[in-house]
Amino acid sequence: MTRAEAKEHNRRALLAAAHLIVARDGHGAKLEEIAEQAGLTTGAVYSLFGSKNGLLIALVTDYLGPHYDGIEQAVPDGMSLIEAVEVFARHYRRLCDDPDALRHLSFEISIQDLALRDPELAPRLAASVQAHEERLTALLSGRLHHGNALTPRQAQRLATALRALLVGLSQGVILGLADAAPGDYFAATARALVTPDVLGPP
C-alpha cells in the first residue's frame, strides 16, 4: 500500500467509525473511541482532519455527497421544473425505505445536536449544508415552468422550501408518524410548493 493509499484508507476508517459512534452517542461521542474503533490513534485524526470538528465536517460532507449525487442522477437534464420536483420528491421517499434509514436519521439529529452545543462547529456545519443545497439550486435553475426558465434566485428559494418539506416528511415516515405517505403524496406536496409566492420574482 502506497503512502497515499494508506492515508485514504485511514481517512475512510475514521469516517466510518465516526459515523457509527456519533449516531450512537451524539454529543457524548469521544475522539479516543472513534480512533480506537478505526484501529488508529487520535494523532491520526489531527493529522488527517486537523481537529475533531474537522472530522465531523468531513463526515457531513462524506454523508451528504452521495445523497446529492443520487439526486442529480435521478433528475436528468431536459425535465421541466414540475417533473424534476416530482422525481426529486419520489427519490426522497424511496430513501425512507432504506434498511439503514433510522440509523441515518439518528446520525443527522446527532450532528445537529453537536452543532447546537459547539459555537465553532455550528457555522462550519451550516456552510457544508449550504454548499450541498447550492447543488440542488443549480439542478433546478433554468428548468422551464409555464414557458419561463427558473432563475437562480427562484431556484434557491424553491430548493430551501423543498429540502425543509421533504426532510420533515421523511422524518415522519421513518419514525412511523406518516405511514400513509407514499411517493405520490411526497410528489404532490412538493409540487404544491411551485407557486409564485414561493418562487418570488425572477
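A quick note: this is a predicted structure, and the numbers were derived from the prediction, not measured.
Nearest heavy-atom pair, Ala44 versus Leu40, reported as atom, atom and distance to 0.1 Å: CB-CB, 4.1 Å. Of all the heavy atoms in Ala17 and Gln37, the pair that sits closest is CB-CG, 3.5 Å. Taking every heavy atom of both residues into account, Ala29 and Ile21 meet most closely at CB-CG2, 3.9 Å. In terms of heavy atoms, Leu139 sits closest to Val75 at CD1-O, 3.6 Å. Heavy atoms only, all atoms of each residue included: Leu59 and Leu15 are closest at CD1-O, 3.3 Å.
A donor-acceptor distance shorter than 3.5 angstrom exists from the side chain of Ser110 to the backbone of Ser106, with no hydrogens or angles considered. Under a 3.5 Å cut-off, the side chain of Asp118 and the backbone N or O of Leu121 do form a donor-acceptor pair. The closest donor-acceptor contact from the side chain of Ser141 to the backbone of Ala155 lies at 3.5 Å or more, if one exists at all. Here the side chain of Arg143 pairs no donor or acceptor atom with the backbone of Ser80 at under 3.5 angstrom. Between the side chain of Gln154 and the backbone N or O of Thr151, at least one donor-acceptor pair lies under 3.5 Å. A distance-only check finds no donor-acceptor pair linking the side chain of Glu86 to the backbone of Ala188 [under 3.5 Å]. Between the Ser128 side chain and the Arg124 main chain, no donor and acceptor come within less than 3.5 Å of each other. Remark: side-chain polar atoms of Arg157 are paired, donor with acceptor, to backbone N or O of Asp197 under 3.5 angstrom. Side-chain N or O atoms of Gln112 include none that pairs as donor or acceptor with a backbone N or O of Ile109 at under 3.5 Å. Between the side chain of Thr61 and the main chain of Ile57, a donor-acceptor pair closer than 3.5 Å is present.
Listed by chain and residue number, nothing satisfies the salt bridge (charged side-chain N to carboxylate O under 4.0 Å, His left out) test with Asp98 (two or more places apart in sequence, or in another chain). Partners of Glu36 according to the salt bridge (charged side-chain N to carboxylate O under 4.0 Å, His left out) rule, which considers only residues two or more places apart in sequence or in another chain, do not exist here. Under the rule for a salt bridge (charged side-chain N to carboxylate O under 4.0 Å, His left out), the partners of Asp97 that lie at least two apart in sequence or sit in another chain are Arg93.
With respect to Asp25 and Lys30, no salt bridge is recorded, no charged nitrogen being found less than 4.0 Å from a carboxylate O. Using a cut-off of 4.0 Å between Lys/Arg side-chain N and Asp/Glu carboxylate O, Arg191 and Glu83 are scored as not salt-bridged.
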Report the C-alpha separation of Asp184 and Arg90 in whole Å, then their side-chain angles, then the decisive distance to 0.1 Å, and conclude whether the side chain to side chain contact (heavy atoms under 4.5 Å, CB included) test is met. CA-CA 7 Å; Asp184 288 346; Arg90 292 179 190 278; 2.7 Å; yes
Tell me, with the steps shown, if Leu144 and Leu81 meet side chain to side chain contact (heavy atoms under 4.5 Å, CB included). CA-CA 6 Å; Leu144 293 179; Leu81 178 63; over 6 Å; no
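Between the side chains of Glu133 and Thr137, not a single donor N or O lies within less than 3.5 Å of an accepting N or O.
Classified by interplanar angle (parallel below 30°, tilted 30° to 60°, perpendicular above 60°), the ring pair Phe107/His19 is parallel.
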